[in-house]
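Heads up, the thing below is written out as structure tokens.
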Amino acid sequence: MAIIPLERIRNIGISAHIDSGKTTLTERILFYTGRIREIHEVRGKDGVGATMDSMDLEREKGITIQSAATYAIWRGARENMEEHNINIIDTPGHVDFTIEVERSLRVLDGAILVLDSVAGVQSQSITVDRQMKRYGVPRICFVNKMDRAGANYLRCAEMLKEKLGHHAVPIQVNMGAEEKFMGVIDPIEGKAYFFDGEKGEDVRVEAVPAEYAEETKKRREQIIEMVSEVDDKLAEKFIGGEEVSAAELIAAVRRATIGLKMTPVMCGSAYKNKGVQVLLDMVCNILPSPTEVENIALDQRNQEAKVVLQSDFAKPFVGLAFKLQQDQYGQLTYFRIYQGTVKTGDTIINNSRGQRKERVPRMFRMHSDRREEIAEAKAGDIVAFYGVEATSGDSFSSSDVFYTLTSMHVPDAVIQLAVSPKERSGEANFSKALQRFTREDPTFRVHRDEESAQTIISGMGELHLEIYMERMKREYACEVVSGKPQVAYRETITQRGEFAYTHKKQTGGSGQFARVCGYMEPLPSDAVEQYEFVNDTVGGTIPKEYIPGIEKGFNEAIKKGSLIGFPVVGVRCVVNDGQYHDVDSSEQAFKMAAIMAFREGYDRAKPVVMEPVMKVEVLAPAEFQGSVVGQVNQRRGMIVETSTAEGQVTVVAEVPLNTMFGYSTDLRSATQGKAEFTMEFAKYSPVPRNEQDAMMKAFKDKQAADAAARK
């Protein structure tokens, strides 16, 4: 492969709500760039499946489960375009696999946000957009499925503004819509693009058809005006009434997009092979290269001083491990290289794991599940190392520097299941599978419940855990049985609670003495951390060496609340007084005093049980609106919004997760199988009093039964 300079490298992700056409779009990109010779559909009749859906489960279910990386060389649909190397990560749309989007966006320089031309901005579009904002990723919006009945390009752009707060600028004119969708017009250059050939591979560029001339002229003026609002350089020309050239306008759009001040909106139909090549041109013309994105590292040798990494091949190597994947040959660790060069045989340092040395035996560029071996990788590349031990989010560098990078955000699990192998002979494979999956996926968690001696798996939703159980069966020949899904409840307090506890124990010889006084109070609802410890003691009432023991005690106490045994969140614990004994006091004594003091204050702070509440979005034919709303109400749901468009009703509601089990079956029954829904975590809310009392009684009965069994 010819060496392409950094300025012409684009690292992009393709993200969207489920079933918006991300994988179909990626398949077309690979075909038009020559990476594949045949187009395969997500649910194709040939049984092959899309290139980026390499897992059997993905092909069977018709959804993306794992993010997949590839790269392609684009030579342009327009004249005189130089070759660009585009590294692409196709991400899942289902909220249960949101960590795949999270870790991909952490390492990418730009993104394509895909919207369905009929549905527009949907629940997962909002989640994906929030993730893009978290990592400061510039994006182009591609309004897909323009061939669908009810397609509306400008309405989608308006929804971006209303629902996501974007400065959305439509930079194309669509020629027709629905079954009459023919192609797109670029008002910036004043050219019309048609896509001929059986698979839309022949791009025909013509003058703007007469019937679209007036609209094209108006759209160009709108683009100049809207971009001028966020770009000072263009604003000067606009205010002065000067003529703006196509090159100047594209440069302004690029500046504003990279500066996160606007979102260019394009349109097309990936399935009907229209508009993809023009989108690729704009990816190259508008989205940033690695040199234009500021990446910050922390220098651990200089009190975590911030260092701006440079996309310079000669600088010391710095990279981030963002994804792990096990295949038949061993573990692959996906890396984004931010600075320097790394070659096979080099020794690199894992700065997140105590500067552990790792040798790089082999390196690959990935094309979905296929590998292409390379000898070296440079700043700006996304590659996979074979045989390098790491976990997701580890920072690596050469021995010259000790830099760490911020890791990706990992959301909390909302559902858990008790699981065990069906046959005793499967226990070894069961253990291997759990170890592997927890390494690969930070949102998949495993712990052992000591009271019930059960293995508990936690995750982002029913589908998330169901997929892993199916993978155990297929990949490890270990069939798994599971209990009823358990919701990840939390406990919190609603008012201030005082504590003053004295721990005194005499057992011959030196005893134990510690007194801890203070209070606990609820943290603000928008607090970043869910627990806070404050030491307000003065005058040496508690010596400094015993304060860590008190903090350890509180940390221990919040793991299990006294109401139903779930973790306590949203609490600030303040210690302001106490007593110690010269001989009998110790860190352990203060730890025990803190645990008991916490329980004392907790009982006085009016604790409540909190349950996860999900944001549920239901899309159904308008005739079933009554049934959909009725079912949501039966599940203690709160309707947030309802809207109707093109004979379809969208109901957005907040519903407790505990009531959502079995909802898909009920919804299908009530709507003749015509409705679909998506669900994502929204917030924690207090459980109704009668349910809390029932849960507390069940918890106490279980504790009594366990105590009796131990006797």
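Counting only heavy atoms from C-beta outward, the side chains of Glu470 and Ile467 never approach each other to under 4.5 Å. The shortest side-chain heavy-atom distance between Leu434 and Phe444 falls under the 4.5 Å cut-off. Between Leu25 and Lys22 there is no side-chain heavy-atom pair separated by less than 4.5 Å. The shortest side-chain heavy-atom distance between Phe566 and Met610 does not fall under the 4.5 Å cut-off. Residues Leu667 and Gln631 have side chains in contact (heavy-atom distance under 4.5 Å, counting atoms from C-beta outward). Between Met132 and Val128, some side-chain heavy-atom pair lies under the 4.5 Å cut-off. By the 4.5 Å heavy-atom criterion applied to side chains, Phe335 and Asp381 are not counted as neighbours. Taking the side chain as every heavy atom from C-beta outward, Asp129 and Arg139 approach each other to under 4.5 Å.
Of all the heavy atoms in Ser685 and Lys683, the pair that sits closest is OG-CE, 3.5 Å. A pairwise comparison of heavy atoms in Asn429 and Tyr476 identifies ND2-O, 2.8 Å as the closest pair. Looking at every heavy atom in both residues, Ser482 comes nearest to Met469 through CB-SD, 3.9 Å. Here the closest non-hydrogen pair linking Gly120 and Leu115 is O-CD2, 3.7 Å. Minimum interatomic distance between Thr492 and Val569 (heavy atoms only, all atoms of both residues): OG1-O, 2.8 Å. Closest heavy-atom contact between Ser420 and Phe430: CA-CZ, 4.1 Å.
A salt bridge is absent between Asp394 and Arg356: the closest approach of a Lys/Arg side-chain nitrogen to an acidic carboxylate oxygen does not fall below 4.0 angstrom. Residues Arg35 and Glu372 are paired through a salt bridge, judged by an N-O separation under 4.0 Å between the basic side chain and the carboxylate. Using a cutoff of 4.0 Å between basic side-chain nitrogens and carboxylate oxygens, Arg636 and Glu691 are scored as salt-bridged. A salt bridge is absent between Glu475 and Lys432: the closest approach of a Lys/Arg side-chain nitrogen to an acidic carboxylate oxygen does not fall below 4.0 angstrom.
Interatomic distance, OH of Tyr468 versus CD1 of Ile457, reported as 10.0 Å (0.5 Å rounding). The distance from atom CZ of Arg359 to atom NZ of Lys357, rounded to the nearest 0.5 Å, is 13.5 Å. Distance check: Glu462 CD to Tyr663 OH gives 13.0 Å after rounding to the nearest 0.5 Å. Interatomic distance, OG1 of Thr455 versus CG of Leu417, reported as 12.0 Å (0.5 Å rounding). Going from atom CD1 of Ile382 over to atom CD1 of Ile337 covers 9.5 Å, rounded to the nearest 0.5 Å. Between atom CD of residue Gln416 and atom CD1 of residue Ile456 there is a gap of 6.0 Å, rounded to the nearest 0.5 Å.
Aromatic rings from Tyr684 and Phe681 are positioned such that their centres are separated by under 6.0 Å.
No option in Ser269, Ser117, Ser20 other than Ser117 meets the side chain to side chain contact (heavy atoms under 4.5 Å, CB included) test with Lys145. Screening Asn351, Thr404, Ile348, Val360 for a side chain to side chain contact (heavy atoms under 4.5 Å, CB included) involving Phe396 leaves a single residue, Ile348.
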#### Entry: Verdict with reasoning, Lys323 to Val107, per side chain to side chain contact (heavy atoms under 4.5 Å, CB included)
CA-CA 10 Å; Lys323 175 178 164 69; Val107 298; over 6 Å; no

### Query
Which is it for Asn87 and Ile89 under the side chain to side chain contact (heavy atoms under 4.5 Å, CB included) test, yes or no, and what are the steps along the way?
CA-CA 7 Å; Asn87 294 315; Ile89 298 182; over 6 Å; no

#### Entry: Criterion side chain to side chain contact (heavy atoms under 4.5 Å, CB included) on Tyr386 and Arg371, from CA distance to verdict
CA-CA 11 Å; Tyr386 174 72; Arg371 310 162 165 199; 4.2 Å; yes

#### Entry: Worked verdict on Asn633 versus Ile639 for side chain to side chain contact (heavy atoms under 4.5 Å, CB included)
CA-CA 8 Å; Asn633 289 334; Ile639 305 291; 4.3 Å; yes

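The local environment of NZ in Lys700 is sparse, with at most 12 non-hydrogen atoms from other residues, nucleotides or ligands closer than 6.0 Å. By the neighbour-count criterion of 12 heavy atoms within 6.0 Å, atom NZ of Lys133 is densely surrounded, having more than that number from other residues, nucleotides or ligands.
Checked by atom type and distance alone, the side chain of Thr91 pairs as donor or acceptor with a backbone atom of Ile14 at under 3.5 Å. A distance-only check finds no donor-acceptor pair linking the side chain of Asn658 to the backbone of Val487 [under 3.5 Å]. Of the possible donor and acceptor atoms, one in the side chain of Arg28 sits under 3.5 Å from a partner among the backbone N and O of Tyr271. Put simply, the side chain of Glu611 never gets that close to the backbone of Val687: no donor and acceptor are under 3.5 Å apart. In this structure, Glu491 contributes its side chain and Ile564 its backbone to a donor-acceptor pair below 3.5 Å. Looking only at distances, no side-chain donor or acceptor of Thr650 sits under 3.5 Å from a matching main-chain atom of Leu619. Judged purely by atom type and a 3.5 angstrom limit, Ser352 uses its side chain to pair as donor or acceptor with the backbone of Ser395. Checked by atom type and distance alone, the side chain of Arg635 pairs as donor or acceptor with a backbone atom of Thr659 at under 3.5 Å.
For Arg106 and Phe322, the positive end is not near the middle of the six-membered ring at less than 6.0 Å and at most 45° from its axis.
Side-chain polar atoms of Arg439 and Gln331 form a donor-acceptor pair below 3.5 angstrom.
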